Amino acid sequence: MADWHGIVVPELAELDQFALGLTIAEVKARYGLDEVVKLSWNENQFGPLPGVIDAIHEELANMWLYPEEPYLEFRREAAAYTGTTETRIVPSHGSLALIGLVATALLRPGAHVVVPTLTYGLYAQISATRGATVHAVPMRELALDLDALAETAHRVDARVVWICDPNNPTGALLERGEWTRFLDSLPERCVAVVDEAYADFVPPDRRVHRELDVEEGRPVILLRSFSKLFGLAGLRLGYAVVDEPLVPYFDLLEEPFNVNCAALAAGCACLRARDAVAARRREVAAAREALADGMRGAGLEPFPSTTNFVLARVDVDDVVLGDRMAERGLLIRPGSDYGLPGYVRITVGPLPLMDRLNRELADVCSSLRAGQ
């Protein structure tokens, strides 16, 4: 019998698996439900944009061919949408793959990386799989403490600082001024890797346009996703915006034909649908406000959000609240899952769904307060 513990990289044995939770089928079986709505993973509840399914169907006729390796059409569309040049676009099969790609390109065993304590957990985990030492920096009242992140980067001579903006799970958005001060204060040879998975929910006039930093040759890498506003989570599509000298290194590390033809066609259709994107952004914002109003009506304290989810403080046990909502076919995310007890995070969905969610949330919270 092979001794896999002695063969596999030893650092992996020290890491925990990323918690995925119960499947929909498992939740249905546990509570005897016919229908379950998953509002715990920040998936798009509004469906694909107009024209996307047609583009996928048309492209399926070419499924017997490898995708065109240079991804020229996709690069052009992504560059036009983002406001940069196609020579700075690196496509990939999802932004999670890009996190791994960046970690492989920039980190070696013994390197140091810096992350906020309250952000997407895979930045730390994937960095650790590359042998890096991860330094977690506390939040400042649930906000990113950019000063502390930069100071820690100097102290440990960090190679990478991971930033999610808007941040998950808080939904908070950085301002241009604070971002510029942070970038200017980083040590030499330290790269700010910014995950902008939720940036498409933010009106363009409110965003920090970091593609300009990339064009200036600043140490910035941007990661973009089609899983959120565009609703292509199941197709796995994303892209990075990087300084041109980095592109050959990323192309070298990516396996050939790593983005499938259906995803590329769907992505191009999304990027061309500018009016539909703006309409979807407004639709999500209206539903997000309805969710926040309902949370307040149920006695919760929602935090301002610029994304497709809302984080709220609760005065009941967040895990029990999550279980009770699951019994009613609505999955929400207890804050205890990521070290934030006393909070819940709920994905935004269409207004009728938010109306149902708010009714159930108020009823469950009332019962829990009454000790029922």
Side-chain angles (χ1 to χ4, degrees), residues 18-47 118-121 139 141-142 166-172 198 201 227-228 231 233 283-372:
F18 187 71
L20 296 177
L22 297 176
T23 66
I24 294 294
E26 289 169 335
V27 174
K28 288 180 177 179
R30 172 175 291 189
Y31 298 112
L33 299 170
D34 294 325
E35 179 190 13
V36 172
V37 180
K38 189 167 59 170
L39 299 174
S40 52
W41 278 17
N42 301 341
E43 292 158 311
N44 184 313
Q45 298 290 326
F46 296 83
L118 190 61
T119 194
Y120 187 48
M139 309 294 284
E141 297 180 354
L142 297 189
N167 192 32
N168 178 17
T170 63
Y198 299 95
F201 294 105
S227 296
K228 304 306 177 183
E283 186 180 16
V284 171
R288 182 175 65 226
E289 188 56 37
L291 172 59
D293 287 343
M295 286 176 159
R296 283 186 282 267
L300 282 64
E301 299 179 41
F303 281 74
S305 174
T306 55
T307 65
N308 70 329
F309 61 84
V310 177
L311 180 75
R313 183 183 290 116
V314 298
D315 60 354
V316 297
D317 187 301
D318 60 293
V319 175
V320 175
L321 175 58
D323 289 342
R324 294 287 183 87
M325 293 295 288
E327 292 174 3
R328 301 181 181 215
L330 296 164
L331 300 186
I332 65 175
R333 189 75 182 271
S336 294
D337 284 0
Y338 38 81
L340 196 62
Y343 293 80
V344 294
R345 190 194 68 192
I346 303 178
T347 304
V348 173
L351 285 171
L353 176 58
M354 295 297 92
D355 290 342
R356 175 191 167 195
L357 181 282
N358 287 333
R359 289 194 301 269
E360 301 284 12
L361 189 64
D363 189 41
V364 171
C365 287
S366 178
S367 296
L368 290 176
R369 294 185 190 106
Q372 299 173 356

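Bear in mind the structure is a predicted one, so any value in this text is a computation, not a measurement.
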Open item on the list: Given 3.5 Å as the limit, does a donor-acceptor pair link the side chain of Thr306 with the main chain of Gly171, or not?
Closed with: yes
Minimum heavy-atom distance [X]-[Y], with the two atoms named:
{"X": "Met295", "Y": "Pro302", "answer": "SD-CB, 3.8 Å"}
{"X": "Thr307", "Y": "Pro166", "answer": "CG2-CB, 3.5 Å"}
{"X": "Pro334", "Y": "Gly322", "answer": "CG-CA, 4.4 Å"}
{"X": "Thr347", "Y": "Asn42", "answer": "OG1-N, 3.0 Å"}
{"X": "Tyr338", "Y": "Pro169", "answer": "CE1-CG, 3.5 Å"}
{"X": "Cys365", "Y": "Ala298", "answer": "CB-O, 4.0 Å"}

Task: Asn358: side-chain hydrogen bond (donor to acceptor under 3.5 Å, both in side chains) partners, not counting sequence neighbours - done: none
Open item on the list: Over 60° means perpendicular and under 30° means parallel, so tell me whether Phe309 and Tyr198 are parallel, tilted or perpendicular.
Closed with: perpendicular
Hey, what do you get for [atom1] ([X]) to [atom2] ([Y]), rounding to the nearest 0.5 Å?
{"X": "Asp318", "Y": "Tyr343", "atom1": "CG", "atom2": "OH", "result": "10.5 Å"}
{"X": "Leu291", "Y": "Asn308", "atom1": "CG", "atom2": "CG", "result": "10.5 Å"}
{"X": "Glu301", "Y": "Asp315", "atom1": "CD", "atom2": "CG", "result": "8.0 Å"}
{"X": "Leu340", "Y": "Arg313", "atom1": "CG", "atom2": "CZ", "result": "9.0 Å"}
{"X": "Asn167", "Y": "Met139", "atom1": "CG", "atom2": "CE", "result": "5.0 Å"}
{"X": "Leu33", "Y": "Glu327", "atom1": "CG", "atom2": "CD", "result": "9.0 Å"}

Would you say the side chain of [Y] lies within less than 4.5 Å of the side chain of [X], judging by non-hydrogen atoms?
{"X": "Phe46", "Y": "Val284", "answer": "yes"}
{"X": "Leu368", "Y": "Leu321", "answer": "yes"}
{"X": "Tyr31", "Y": "Asp323", "answer": "yes"}
{"X": "Val37", "Y": "Leu357", "answer": "no"}
{"X": "Leu353", "Y": "Leu330", "answer": "yes"}
{"X": "Met325", "Y": "Ile346", "answer": "no"}
{"X": "Leu39", "Y": "Met354", "answer": "yes"}

TODO: Could you check Val310 against Arg288 for side chain to side chain contact (heavy atoms under 4.5 Å, CB included), going step by step and ending with a plain yes or no?
DONE: CA-CA 7 Å; Val310 177; Arg288 182 175 65 226; 3.7 Å; yes
Task: Modelled atom types, side-chain donor and acceptor of Arg345 and Asn168, under 3.5 Å - done: yes
Task: Of all pairs that satisfy salt bridge (Lys or Arg N to Asp or Glu O under 4.0 Å), the ones with a partner from residues 25-41, not counting sequence neighbours - done: Lys38-Glu43
Open item on the list: Once salt bridge (Lys or Arg N to Asp or Glu O under 4.0 Å) is applied, what residue pairs with a partner in residues 353-367 remain, sequence neighbours excluded?
Closed with: Arg328-Glu360, Arg328-Asp363
